[in-house]
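One-based numbering, in listed order, for ligands and for the atoms of each. Side chains included, hydrogens not; waters and symmetry mates left out as well; all remaining heavy atoms used. Here, residue 1 is the first one in the sequence, and each next residue gets the next number.
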Amino acid sequence: MGFSLSFPWSVKDPALLQRCSFPVACLSREQILLKNECLVFAQMPERIGLPTYSDETRMGVNGNLARNVVERGNLTSVLKFCGSEGCFEVGRSYHALIAKIGLDGDEFVATSLIDMYAKCGDIDSAVVIFNHTPRVDVASCNCLISGYASCGLFKEAFSFFMNFDSFGNGPNPYTYSIMLSICGTLSALEEGKQLHAQVVKMQYLSETAVSNALLTMYGKCREMENAEFLFNCLPQRNLISWTAIINGFYQHEDFDKAMRLFCLMRESGIEPNEYTFTIALASCGRMKNIDNGRLLHALAIKKGMALGEFVGTALIDMYSELGEMDVAEKQLKGMGTFASKVSWNALIKGLVHNKKANEALDAFSEMIRTDAACDQFTFSIILIACASLPSFNSCQQIHGWVVKANFDTNTHVGSSLIEAYTKCGSVEDAERIFSRISAPDVVSWNSLIKAYSQNGNPRRAMSLFQRMIDKGLRPTGSTFLAVLSACSHSGKIQDGQEIFQKMVSEFGILPEEAHYSCMVDLLGRSGQLEKAVDFINNLPIKPTASIWRPLLAACRCHNNLQMAELVAKHILTTDPDDATVYVTLSNMYAESGQMVNAANQRKLMKLKEIRKEPGCSWIEVSNKIHRFFSRDRTHPESAKIYNKLNQVVMQIKGTEDTNPLHPKEDSSLYHSEKLAVCFGLISLSAGKPVRIFKNLRVCIDCHNFMKFASMITKRVIVLSDNYRFHHFTNGYCSCGDYW
Ligand code: ZN
Ligand code: ZN
């Protein structure tokens, strides 16, 4: 009665403030008064904001009486609470109270204080109290060791452990559990084995906590044989020991073994808890074993765990891994209010990984509707969905949510936004996002460099690369891939070669297949076909089809049929079903008048039942994606689209005199990207850029068409094919006709 208090002191997490009032609520009126008095004593009156001592004396409460009410037990439980919740300031004020009433010499209270300071991360204060306590027992020693461990001061923990005896006590089983857990974290197998020997000598192995710590340590040190041997020798195995060994095998990706142990555990009469269940479900998912997965699901239902947060989410993960997205969605619905943001994230991630980007966006909207809080993982994964469509509209909408949730300065979310906008061809948005990120890391820099490299501004990509290095960031393999690709697309052969050298000699990054392929592209594009062949023949690895492929494209570009035949052979030995090889050769034969050879290539394709992926273009108009194939007349607005196309072609013909390039009257006239762009021109309001996407590389004829269309219609056209972006403005393309 009378008091309703909340703590005015700063705590690590504001949400904890409310819970922090818990110890106060447990205190009696007199205790609160005494604490208040003590705080005045501690010369912090201005920070208190509680009723002052004099107010209370006026209310007639006797301070001396109150003093007797403060009990050791009460204080230690309050300190324990402060330690576990990280309420450092509150804990400190209790320390002041303890000092004031002279209880700081008491060994129980001192142990609680050491524990509180260690858990709050103030290890120095913990050490001071430890050193000033007249008699320390094994409990206070353990508190200090575990404090060292949680602060990452492993060396100090070890040296303290070595001198344990000097404090008048030997280590107890709990001490060994802490030390073994440190060995596990450090993968210090030798030390762990020595501790194991001591544990045996001290006869602590029968203590389940110690044997479980040993099991976990061996698991973390990747010593599953030792772990299994120990497990088989254990006199008693409880659920925790079983879970430790099952988890060990799961972590080492021996899912089969994890599952077999799970069954053995049940046969021996021990039933799994929620944690054991999540490991077993994850193992089924990784093994792609749907039958076992369904059995486990049934068992979880029987035990009433299937709709709880942990097991329920593990079920969503498992069904996603198995590609059963309908069941995963049903599972989430069934969980109702038990579905946390982790459960929603699991479903969205599953949908994205199963290439159901539209469904993922729907699930995201649903998640927002249910008021589940989105975190950085939610945004990063849903932005992958936007990028995979790619949908500029969805990207902008998600961006809105990101800003609303205050995640726009977050490094991970920011990088995902950059990637998504880049995929939509908006490098301006990517740049804007980058400038908002509070602490851009290598990933953010890589994303921005890639954005410029792919979107026709290789010079900016190169200067960003230099700036990144000047800022002291260490470039990665992906950075170099983006920069090499920028060099290749801008024809900067010498720069590219120098950077490739630097990558190895200065930054010690071993080139991968993609880097080699990029170098072949760099040489091939510029017409140095022989050099490219030399480069491939001198590689330290066996050249793959992806390394040869850019050279074939270069042969086509530079009309070298002889070399194209040779390169084609190389590609077909590793990838005999590569349709582009047959199509490229057939086209090259036809262009050089070798009609029989051209026809032979087509016949070969038919014989081998290799199908060329049909060209497909798409555009997003009023939140809907419209797809077009070549000569496609299935769109409801088809008549208007063809009208527009003919109209633009006529206009282009009118400008023919001033420009030698014009679309030809052949099959390429009705290529899918032309249909898509014309649909954009008739349905998007004037001034809006027309963004289209294509699954294959754009052909020369369509590229020319886009240039003219951008000039005649005064529109910006952004075309993204599966190689790069083309920004057409006023008759020019950002790629500089070099693609
Ligand atoms: Zn075309
Ligand atoms: Zn272009």
Side-chain angles (χ1 to χ4, degrees), residues 422-427 450-461 485-492 521 525-526 550 553-554 556-557 579-580 583-584 586-588 590-591 612-619 627-633 641-642 644-646 648-649 652-653 659-681 689-713 715-739:
T422 306
K423 279 271 162 62
C424 298
S426 177
V427 72
K450 208 163 100 194
Y452 280 110
S453 164
Q454 291 184 342
N455 280 282
N457 195 339
R459 209 177 290 169
R460 176 105 177 105
S485 152
C487 295
S488 166
H489 285 293
S490 55
K492 290 192 183 301
D521 190 48
R525 253 172 219 280
S526 62
R556 167 97 209 262
C557 200
T580 29
V583 176
T584 311
S586 165
N587 286 340
M588 288 180 80
E591 278 161 24
K612 189 187 155 201
E613 189 186 357
C616 173
S617 300
W618 61 96
I619 180 169
R627 274 170 216 288
F628 296 89
F629 290 93
S630 186
R631 302 178 160 272
D632 193 346
R633 285 188 187 266
I641 296 169
Y642 278 83
K644 183 76 192 172
L645 179 56
N646 289 331
V648 176
V649 170
I652 292 175
K653 279 190 174 160
N659 207 309
L661 300 163
H662 61 93
K664 287 173 280 179
E665 293 273 357
D666 62 12
S667 60
S668 61
L669 177 57
Y670 299 115
H671 272 176
S672 60
E673 53 267 58
K674 292 201 189 85
L675 300 176
V677 85
C678 287
F679 178 61
L681 289 171
V690 180
R691 297 173 194 279
I692 50 174
F693 300 90
K694 187 172 185 198
N695 63 337
L696 304 173
R697 201 193 283 253
V698 59
C699 78
I700 297 174
D701 188 60
C702 288
H703 196 266
N704 284 337
F705 176 88
M706 299 297 163
K707 287 204 286 189
F708 279 105
S710 73
M711 183 169 71
I712 292 163
T713 62
R715 290 262 203 164
V716 173
I717 298 171
V718 184
L719 168 74
S720 154
D721 63 17
N722 64 337
Y723 285 90
R724 59 178 296 108
F725 287 88
H726 303 267
H727 294 250
F728 300 95
T729 334
N730 206 16
Y732 291 95
C733 181
S734 61
C735 75
D737 298 334
Y738 204 91
W739 81 94

Under the salt bridge (Lys or Arg N to Asp or Glu O under 4.0 Å) test, residues paired with Arg715 that sit two or more places apart: none

Shell of protein N/O/S atoms around the Zn ion (ligand 1), taken as anything under 2.8 Å: His671 ND1, Cys699 SG, Cys702 SG

Results of side chain to side chain donor-acceptor pair (under 3.5 Å) for Asn455 - residues two or more places apart only: His727

Side-chain (Ser453) to main-chain (Pro458) donor-acceptor, under 3.5 angstrom: no

Whether over 12 other heavy atoms sit under 6.0 Å from Lys694 NZ: yes

His726 ND1 and Cys735 SG subtending at the Zn ion (ligand 2) (10° steps): 110°

Under the side-chain contact (heavy atoms from CB on, under 4.5 Å) test, residues paired with Arg627 that sit two or more places apart: Cys616, Trp618, Ile625

Side-chain donor or acceptor of Asn695 paired with backbone N/O of Gly615 under 3.5 Å: no

